[in-house]
Amino acid sequence: MEKEEWIKLSLPCKSGNEMKWIEEAYRDDWFVPLGPNVDEFEKRLQTFLGTDRPVVALSAGTAAIHLGLVMLGVGKGDEVICQSMTFSASANPICYQGAQPVFVDSEPTTYNMSPDLLVEAIESRMKETGRKPKAIVIVDLYGMPAQLERIREIADHYEIPLLEDSAEAMGSEYKGRKCGLWGDYGILSFNGNKMITTSGGGALICPDKEAAARVKFLATQARENRPYYYHEVIGYNYRLSNISAGIGCGQMETIDQRIGRRREIHGLYESALSGKCGIEVQNNPSADYNSNFWLTTIRLDRTCRMTPDELRIKLAEQKIETRLLWRPMHMQPVFANAPYYGSNVGEDLFDRGLCLPSGSSLRDDQIERVINEIRKLI
Ligand SMILES: *Cc1c(COP(=O)(O)O)cnc(C)c1O
């Protein structure tokens, strides 16, 4: 009976109070970038993360990565190590700064950067170029934390700053500490399909108040404090609008339920599909990990009758949207010349993985329908 209704991968989910925040801004003529909703949204994010570190709301997660790299002093001729298995937005800002990305392969359990390969890449780059990489960009892909403690130790050992791309990992934890707090800088995304949305937005988690003030300055065109427009450095127009931040405040009212629901959906897939017919559902590797399961992903092993893409096409015929895993950056034509450290872990994940519908607005009967279709096909 529900054949007509598309089951989508990850749709935004309303708390019901977003309009209240927008209307207040409208009533008080706060139609501007910045304003009271932005301050309130930043406060709510900080409370949610359980940190004293300042959080700066920006126009996109990509803008947050870019400003994070600017703050770390990344510039022309520098090399920046970046997880290969990720969305291109993790790597593009490295190029905005005229720096060179160096890609590192993943380990198969978390899909995130292999700490051993990170060490290999740092050592090799230092030998080859005589300089240390300027920064490391680590990602918590699909909400699963990377091996953050080891990565942090390696970064500290070599004294290379760490930027944690937690665009997909809002609410995830590693060893009880929230994702986004493990790097010198951390970022979140509030794009339409992420854990919460501001209809487009992001945040940069800063190390301290001075850094946050500098980020706000750079994000508003780097205007020096003078009666006329006066600029000593290049600025950006990267702040979040007060209207968008209002949506974010409304969304924050139900963030815990949203995360709870994504985890519940993962649990339904896990118990119905894991270990069946060559399907493996990605799960927390140990009690140290607590993924938000932004997207539940499965891997199909060689005994499976179908490839992920064949399964994707068959499910689409049943109006079920799935998506192949991120194609690693070292396999992208645009990054063909970037150095790469690793073997074929990311490539293999890309060949065998599929993301299942995981949005927190999905009902149990819709998840059942996905499970039944997959079982039928496989
Ligand atoms: C979505 C995403 C980003 C970019 O965030 P935007 O808000 O869309 O700019 C960066 N990194 C990863 C891993 C993402 O999934």
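Order of listing sets the numbers, starting from 1, for every ligand and every atom in it.
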Legend entry - Gly61 N/O to ligand 1 N/O under 3.5 Å: yes

Inset, instruction - Could you check atom 11 (N) of ligand 1 against the protein and tell me its nearest heavy-atom contact, residue, atom and distance included? - result: Asp165 OD2, 2.7 Å

Inset, instruction - Go through the steps to decide whether Asp140 and Ser166 satisfy the test side chain to side chain donor-acceptor pair (under 3.5 Å), and finish with yes or no. - result: CA-CA 5 Å; Asp140 304 308; Ser166 301; 2.9 Å; yes

Inset, instruction - Heavy-atom contacts with Lys194 under 4.0 Å: which atoms of ligand 1 show up? List them by number with element. - result: 1 (C), 2 (C), 3 (C), 5 (O), 14 (C), 15 (O)

Just distance, no hydrogens or angles: give the donor-acceptor pairs under 3.5 Å from side chains in residues 46-54, sequence neighbours left out.
| residue | atom | partner | partner atom | Å |
| --- | --- | --- | --- | --- |
| Gln46 | NE2 | Asp52 | O | 3.1 |
| Gln46 | NE2 | Arg53 | O | 3.1 |
| Thr47 | OG1 | Lys43 | O | 2.9 |
| Thr51 | OG1 | Arg53 | N | 2.9 |
| Arg53 | NE | Cys206 | O | 3.0 |
| Arg53 | NH1 | Leu181 | O | 3.2 |
| Arg53 | NH1 | Gly183 | O | 3.3 |
| Arg53 | NH2 | Gly183 | O | 3.2 |
| Arg53 | NH2 | Asp184 | O | 2.9 |

Inset, instruction - Verify the distance criterion only: is there a donor paired with an acceptor across the side chains of Thr307 and Asp309 at less than 3.5 Å? - result: no

Inset, instruction - Measure the shortest side-chain to side-chain distance between Phe293 and Ile265 over non-hydrogen atoms and say whether it is less than 4.5 angstrom. - result: no

Legend entry - Numbered atoms and elements of ligand 1 in range of Ala89, under 4.0 angstrom, heavy atoms: 3 (C), 4 (C), 10 (C)

Inset, instruction - Using the test side-chain contact (heavy atoms from CB on, under 4.5 Å), find all partners of Pro285 that sit at least two apart in sequence or belong to another chain. - result: Thr109, Thr110, Met144, Tyr289

Legend entry - Minimum-distance protein heavy atom relative to atom 8 (O) of ligand 1: Asn191 ND2, 2.7 Å

Legend entry - Gly201 neighbourhood, listing ligand 1 atoms whose heavy-atom distance to it stays under 4.0 Å: 7 (O)

Legend entry - Min N/O separation Thr86 to ligand 1 under 3.5 Å: no

Legend entry - Aromatic plane relationship, Trp294 with Tyr142 - under 30° parallel, 30 to 60° tilted, over 60° perpendicular: parallel

Legend entry - ligand 1 versus Ala167: contacting region, heavy-atom distance under 4.0 Å: side chain

Legend entry - Polar proximity ligand 1 side, Thr62 side, N/O cut 3.5 Å exclusive: yes

Inset, instruction - Decide, yes or no, whether a salt bridge links Arg150 with Asp116 under the criterion of side-chain N to carboxylate O below 4.0 Å. - result: yes

Inset, instruction - Name the closest protein heavy atom to atom 5 (O) of ligand 1, giving the residue it belongs to and the distance to 0.1 Å. - result: Ser189 OG, 3.3 Å

Legend entry - Salt-bridge present (Asp348, Arg352; N to O < 4.0 Å): yes

Inset, instruction - Tell me which protein heavy atom sits closest to atom 15 (O) of ligand 1, plus the residue, atom name and distance to 0.1 Å. - result: Glu168 OE2, 2.5 Å

Inset, instruction - Provide the number and element of each atom of ligand 1 under 4.0 Å from a heavy atom of Ser90. - result: 11 (N), 13 (C)

